[in-house]
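Have a look at the structure below before the remarks.
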Amino acid sequence: MLKDKFNLPHQKRVVLDRLGSLIIGFGFEDDLASDLGFDSGEELETFRCNGFRSKEPEAAGDDDDERKECETDEEEKLLRESEVRICRREVSEIPKSISSSASLFSRLDHADKAAELEFELSQKVINLEALQRISSSGLPDGLRATTWKLLLGYLPADRDLWDGELVNNRQKYAALKEELLLDPSEFSRRNDTTMASNKQEREGNVDGLLMRQEVSHGDHPLSLGKASFWHQYFQDEEMADQIDRDLQRTHPDMRFFSGDSSFGKKNRKAMRNILLLFAKLNPAIRYVQGMNEVLAPLYYVFSTDLDAQNASNAEADSFSCFVRLLSDSVDHFCQQLDNSSVGILSTLSRLAELLKANDEELWRHLELSTKVKPQFYAFRWITLLLTQEFDFHEIMRIWDSLLSNSLGIQEMLLRVCCAMLLCVRRELLKGDFPANLKLLQHYPHIAIEYLLQVAQELRPLSNTHEIVVSSDLVPQFNSSCVQMEQNLLHGTLYATIFEAVALQHAPTTTGCLPKFLTKAKMAPKGKFLKGCSWIKRVSLCHPKELVEDVEESVAIGTGMPQVYATIDLEKARVGRTRIITNEPDNPCWNESFRIYCAHNAADVIFTIKDDNPIGASLIGRAYLPVPKLLYGGEVDRWVDICDDHRQPLGGGAKIHVKLQFLDIAREYNWSQGIGSPDFRGVPYTFFSQKQRCRVTLYQDSHVLDNFIPRIPLANGRYYEPQRCWEDIFDAITNARHLIYITGWSVSTEITLIRDPRRQKPGGDVTLGELLKRKAREGVRVLMLVWDDRTSVSLSLLKRDGLMATHDEETAKYFHGTGVHCVLCPRNPDDGRSIVQGLETSSMFTHHQKIVVVDCEMPDELSSQQRRIVSFIGGIDLCDGRYDTQDHSLFRTLDTAHRNDFHQPNFPNSSIKKGGPREPWHDIHCRLEGPIAWDVLYSFEQRWRKQAGKDLLPLLKDLSNIITPTSPVTIPEDREKWNVQLFRSIDGGAAAGFPDTPEGAAEAGLVSGKDNIIDRSIQDAYINAIRRAKDFIYIENQYFLGSSFGWKAEGIKVEDIGALHLIPKELSLKIVSKIEAGQRFTVYVVVPMWPEGVPESASVQAILDWQRRTMEMMYSDIAQALRKRGLAVSPKEYLTFFCLANREVKKSGEYTPTEKPDPDSDYSRAQQARRFMIYVHSKMMIVDDEYIIVGSANINQRSMDGARDSEIAMGAFQPHYLATRQPACGQIHGFRMALWYEHLSMSDDLFLQPQSVDCIRKVNTIADKNWELYSGEKLERDLAGHLLSYPIGVTKDGLVTQLPGMEFFPDTKARILGAKSEFLPPILTT
C-alpha cells in the first residue's frame, strides 16, 4: 500500500497545459519539493498472476557493456528488429484456453478490422467517434500505436498537423532530457568550456596559461545546499536505483523488458529516463512503484510500431502519452487528497456504489457480511490500470477499451473493475473473508471479451461522471430571470425527487362549483341531465379546457390535499410522482426517474400540484437551469418553488431534487449496432430478452407462389417467404388444449384460406365456425375483443372512419357457445382522475393482435408433447385484411374478395357499386420458444384483469403435456433468434402490476400519479434508433410525434401532448451522422392518408400533425447540412413514401350492378382505376440486423402506455450482425422481399441502403411512380407500388405542397391536412 504519501497542498491542482508538466511546470519549485516530506519509490503491494513468473533478473550492466554487444549501428538495428519480432510473437501466442473462450464472442476478423482502421486513419481529418467505435472492440497490433496516440490526444485529428506536432514534442523531450537528466560533472564540463570560450573571446583569443577552474562554494559533490546540482543529483540517484530495480521486475517473462541483451537494456534505460524525468518534473508526485507497470504497455506498443521512425522515437512519444494517461488519475497517488472528491477513497467508494447499483446482493455480501472492502483489492486495480491482474496481451486489449471509451478512462476502468466482481459472483457469494480476498488479489483467468461486454452493459450510477468544476466557472442563474436560451438535451436524464417543504395550500372550499358546472346548476328543473351530457361533450372535445376550468376552483368537497410532482423539459412532461396524502405541507416522495430525452430546453421544471377528483390545482413550480446539467456532473440541491411569475412562494417553499444528465455521445452503444451476439436487449423492461428462439416474418396475410426472385442470404441460403393466414389456420386447426386471441377487431365471417392453388382440407370454413368447432373438441378458446364504446357515443366519428369494429356482432355470434368472447373496454388505471378516466374509456382502444395456441413439438408429429406458439403483429383477424403482394383493386372482387369487400374511405361503398377496394399491406410474425410464453403470460395478465371469469387453465396441470418454456434451437444453430417482448399497457388493463414506484422500477415499469405503465415499445424504438449505424427502414400506419419540437404555428405546442421521442430521435441521428461526415438514411413508408373519409376533420387533423412532424425533422436536417456547407436535399437522408396501385381494365373483370354517386371520390377513383394501398404495418428494420414488429403505431396513442394497449417484439439473429460485413440473415431477406413487393424489381444498390446512390435510385423510381399514378391516363398497370409521398421539401426543411397538387387525386382532401377546431388532440395524436 502507499505509505507516507506526499502531502500535496490543497491549492496545487493537477493541470496539463504543456508537455511533461502535471503540477509544477518545466521549472522546479525547490522549496515546495523539499519542504513536503515524500519518500520516492514507495512500494505498492504487488501480486503476480495469470502465469507471469515473478523472478529477480540480474542487474543490468552499464553502458560500456551494452556497447560491446553491438559494435556497429547496423548490427544493433538488426538485433533490435529481431527482438521486436520475438516480442510480438510472445504477445500474440495466446494460450489455447484463452483463445478458445474468446472465440465464443463475435470479433472482427484481423484483416477486416485492419482495413477499416486503415481507412479511418487515412482520412485527412480523423473521425474520433469512428476511431473510438473501432477501438472499443480491440485493435490490430500493427495499428495500435497510432490509434492510442490519437485517443490520448497526443496526435491531433488533422493529419496535416501530425509531422509538426511530433517534431515539436520530440524536440521538447530531448531538451528536457538534456536539461534535467545531465549529471553534474558533464554540466560542469560544458559550463567550463563555455566560460573559457567566452573569456578567450573577451581577451581577443590570445593564447596563454590555462585558466584555473572557477568552482562555486555551493556547487561541488560534497555540497548540502538545496540549490546544488550535486545534492539534487544524489537524491535523484536514489530514486533512479529504485526505478532500475522495479524495471528489472517488469514482465520478466518478456524478453522485451528483461534479460541482459542490449535490446532489453535499451528498453529499460528508455523507460528509466521517462520515469525519472516525470518524477523530476513533478516533485509533488515523484515516482511511486507501479508506475513502471503503467508505462510498460505504452512503451511496448510504441516501440513495436511498424513505422521505423516512430519506433525509434518511442521514448519521447511514450513520455508524452504517459503524462496524458496519468493526468486522469494522478490524484490517486496523493495522500492529502485521499478524502477529497478526486482522491482514491472517493474512487473506491464510486466502485462500491456501482456494484450496489448492479448487484446489491453481492455488494452486501462483500461490504457487510465478509467485510472485504474495495481498499483491499481494488486499490491496485485502479491505480495500476489493471496492469498486474491480466496477461500482457489482455492488458493491451483492455486498454483499447479504456482509452476509447467516450466516458473517460476512469469511468470505463470502474466499469471493468465492477464487471470483474460480477464475473466471479458465484465464487464470491460462497466465500468468506480470506477466500474472497485471495480470489480478488489473484484474479483468475477469464474471457476478456466477455468481461468487457459485461462492463459496457452495466447500469450507470446516478452520480456517475461527476465533474468537479469551480463554482466561478459554472454560470449562475436566478429562478426568476427571463427565459434563457435553450440547450439540446439528447441522452438520458437521471432524476430523483426527494421531498418538498413549507408548501402553502389554499383553504379548501366545499361549495364552489367550477364554471363548467354552472350551466348544469342553472338549468331549469328536469334539464339537469342534459347539462350533464354537455359535460361529457366538453370532456371529449375540449378536455384540457375542462381541467383548466376545474383548476380555477379548489375542489368539490375534498378534504386532505393530495400532492404530487411532475418533471417537465420546458413544455414536455417527462415524469410524474405518486400522490402523497399524509404529509401535505412536507411531502416526501423519494422517487427516481430514468428519462430518455431529445429536447431543447432552458429549464428542467418541477411542478407541484394538488390532485382533485376531476383535475388538479397548481401549487407552484421550481426551475433548474439546463446549463447546470451539461457538464455531466451530479446536481443535488434544494430549489425554490415559485409562482406564475417565477417569484419564490412565501414561507420558504422548496423542493429537493437530484439530477444528472448522460449525453448521448457518452452512451457506449451510440451508433454501435448490436455489436455482439451477447447483446442483452433493451434494459429496464418488464420482459427480458429470450435466447434460442425462432421467428417467422410475414409480409401481408398471404404470399403467392413464385412471388419473389431468389434473394441470397449468408451461408449459401436463400430467403423463403412464409404465409401468415395459412400458418394461423394450421395452428388453430391443430390446437388441442388452448387457443387465446386478442384483437382490435375479430370478424367471424372471414375465411383464412383463399388461394385456389393452395387449398387445405376444411379451408373454406369461416373463422367463427372454426373456433366453435375447436371449442366443441374440448379446446379452451378465450377471446379478448375491444369493446368499441365510441360506436354509440361517437357515431359521427365512426362514420369518419376512426372507429369501426364488429365487436357487438362477434360477441353475439359466440354467445352461448364454448368460445368465451369478452368485450373489453379500455378501462383506465385506478389512479386516473374522473376526466382522464372518461378520456381513456371513450377514446382509446385495445389494439393488441395476438394468437396463442398449443402446438406439436417440431419434428415429433406423433409425440403427445406440446409446446406454445404465438403470433403477434399488425394483422387483425377481420374483414379487409386478406391480400397478396399484387394488391389488386378490381381483379379479385369476384374471387378472394367476393365476400370481403372493404372500402371505408368512401361513404356508402359496397361491392355492388364496384371497386376500387382498399388494398391492405401489413406485417406479422410467429414466435416460438421462450418468447412465446411471454406472449402467453401477457394474455393471462389481461384476462385476469378484464375478463372477470376464471377460465384460464392451470398450465402446471398440463406440465406433463405442454413442455415448459425452453429453447427451440440448439446453441450451435446459426438460425436461432434472440427476441424480447415489449408492450404499451397500464395497470388498468393488466393484472399483477406492482402498486408502488419502487416495485414498478424493479419490474421494468414506469410510474406516475399512482398509475403503473409499461412503456417498453417506445423504449425499444429509442434504443434501436440510438444503436443504428447505417440506415433505418420503417413501415407504419401513422407517423407523428415529438410535438415539443413542432413550430408553434396556429397551435399551442403544450396542448398537443404527442410527446414520444421517435421522430426527434430519427432526425437527431441523421444530424449526428451529417456532423460526423458519415452517411445515414431513413426510409419511411406510410399510407397516403389515415383510413377514413379523407376530407373528414379527423383525417385532416392527423395529416396536419404528420406534416408538422415531417417539417420538424427536415428542419433539423437542413440546419445540419447548412452548418456542414452541403448543398444537397434533405430527402437524400430522410424520405417518406406511400403505396398505391393503378390497374388498366381487363376483360372478364367483375361487373358491378350499381354505380357510385356521380362526382364523388368513389366515382372519380373508379374511373381513374386507382387507389392507395393502405399501409397498416408497424415495423422498423435497423441495419438489416434488428427488427421490431408489432401492433403499435408511431403516434402518442400507441407509444404512451396509458392510451391504446399494444404489443410488439424486437429481435435479431446473433450469427447475422452488421459487424465485419452487412448483415445477411432473415431480416435482410425480409427487407429485400418487401422492397421487391413495393418496387417490383431488385438491384445491387439495395444491398447498401445507406448509400446516396441507393436513396437516389429509390427516390427516382418513386417519383416516376407518383407521376404515373397521378397522371390523367394510364396505358398499363403501375409497374411498382412505391410512390414518393406528395410533398415538397425546401432547402430550409419546410414542407410544402407540390405544384398543382393541393389535394390527393380524386378527392378534395388537402395533402398537408388542416387543424381541427373541435377535435381534441388527444384523440387524433
Side-chain angles (χ1 to χ4, degrees), residues 598 600 1021 1025 1031-1051 1053 1056 1058-1071 1074 1080-1090 1094 1099-1122 1128-1140 1172 1175 1177 1180 1193-1196 1198-1199 1255 1258-1259 1262-1263 1266 1282-1299 1301-1304 1309-1316 1321 1324-1325:
N600 286 294
Y1021 271 86
I1025 294 168
F1031 79 94
I1032 289 174
Y1033 175 62
I1034 292 173
E1035 293 185 4
N1036 207 282
Q1037 181 184 3
Y1038 294 94
F1039 193 89
L1040 59 94
S1042 304
S1043 59
F1044 51 82
W1046 295 357
K1047 295 177 182 177
E1049 296 176 349
I1051 61 172
V1053 172
I1056 307 304
L1059 301 178
H1060 74 89
L1061 302 186
I1062 295 170
K1064 194 68 173 180
E1065 289 285 352
L1066 288 168
S1067 65
L1068 290 178
K1069 168 64 72 171
I1070 296 171
V1071 167
I1074 292 172
F1080 193 89
T1081 313
V1082 177
Y1083 303 79
V1084 183
V1085 181
V1086 294
M1088 201 173 290
W1089 67 79
V1099 170
Q1100 285 291 295
I1102 295 171
L1103 289 172
D1104 180 55
W1105 306 141
Q1106 178 179 277
R1107 188 264 306 171
R1108 294 174 189 270
T1109 303
M1110 292 177 176
E1111 191 165 270
M1112 172 199 68
M1113 299 174 72
Y1114 279 127
S1115 296
D1116 288 345
I1117 297 168
Q1119 183 179 6
L1121 291 172
R1122 283 197 304 272
V1128 298
S1129 169
K1131 292 183 70 174
E1132 292 192 357
Y1133 294 85
L1134 168 68
T1135 307
F1136 290 87
F1137 306 93
C1138 57
L1139 301 180
M1172 70 169 176
V1175 178
S1177 316
M1180 182 171 76
N1193 298 311
I1194 298 182
N1195 60 7
Q1196 192 63 25
S1198 290
M1199 295 296 167
I1255 185 63
V1258 174
N1259 281 339
D1263 288 344
W1266 174 259
L1282 189 75
L1283 281 60
S1284 293
Y1285 199 83
I1287 56 172
V1289 180
T1290 71
K1291 64 178 182 180
D1292 295 322
L1294 300 180
V1295 173
T1296 64
Q1297 67 183 44
L1298 296 175
M1301 194 60 65
E1302 181 181 1
F1303 306 112
F1304 290 111
R1310 287 183 170 84
I1311 295 173
L1312 300 183
K1315 181 179 179 294
S1316 173
T1324 54
T1325 58

Practice task
State, to 0.1 Å, how close Y1038 and P1090 come at their nearest heavy-atom pair, and which atoms those are.
Solution key: CE2-CB, 3.8 Å
Practice task
For residues L1040 and P1063, determine if any side-chain heavy atom of one lies less than 4.5 Å from a side-chain heavy atom of the other.
Solution key: no
Exercise for the section: Give the minimum heavy-atom separation between S1115 and G1293, together with the two atoms involved. Expected result: OG-O, 3.7 Å
Exercise for the section: For T1081, check side chain to side chain contact (heavy atoms under 4.5 Å, CB included) against everything at least two apart and list the hits. Expected result: R1079, Y1083, Q1250, I1255
Exercise for the section: Taking all heavy atoms of Y1114 and all of F1136, pick out the closest pair and write down the distance. Expected result: OH-CD1, 3.6 Å
Exercise for the section: For atom NZ of K1291, decide whether the heavy atoms of other residues, nucleotides or ligands shown that lie under 6.0 angstrom number more than 12. Expected result: no
Exercise for the section: Flag the pair Q1100 / L1103 as yes when at least one side-chain heavy-atom distance between them is below 4.5 Å, and no otherwise. Expected result: yes
Exercise for the section: Kindly say whether T1135 contributes a backbone atom to a donor-acceptor pair with the side chain of N1259 at under 3.5 angstrom? Expected result: no
Handout entry: Salt-bridge criterion met for D1104 and R1310 (N-O under 4.0 Å)
Key = no
Handout entry: Distance (rounded to the nearest 0.5 Å) between M1112 CE and R1108 CZ
Key = 12.5 Å
Practice task
Spell out, as yes or no, whether a donor-acceptor pair under 3.5 Å connects the side chain of E1035 to the backbone of V1085.
Solution key: no
Handout entry: Minimal non-hydrogen separation, M1088 against A1140, with atom names
Key = CE-CB, 3.8 Å
Exercise for the section: Would you check if the side chain of S1067 reaches a backbone N or O of K1064 as a donor-acceptor pair within less than 3.5 Å? Expected result: yes
Problem - Heavy-atom closest pair, residues D1116 and V1071 - result: O-CG2, 3.5 Å
Fill in the blank from the handout: Given the options V1084, I1032, L1066, L1134 meets side chain to side chain contact (heavy atoms under 4.5 Å, CB included) only with V1084
Problem - side chain to side chain contact (heavy atoms under 4.5 Å, CB included) partner of Q1297, chosen from I1287, L1312, I1311 - result: L1312
Exercise for the section: Without swapping roles, check the side chain of W1105 against the backbone of K1315 for a donor-acceptor pair under 3.5 Å. Expected result: no
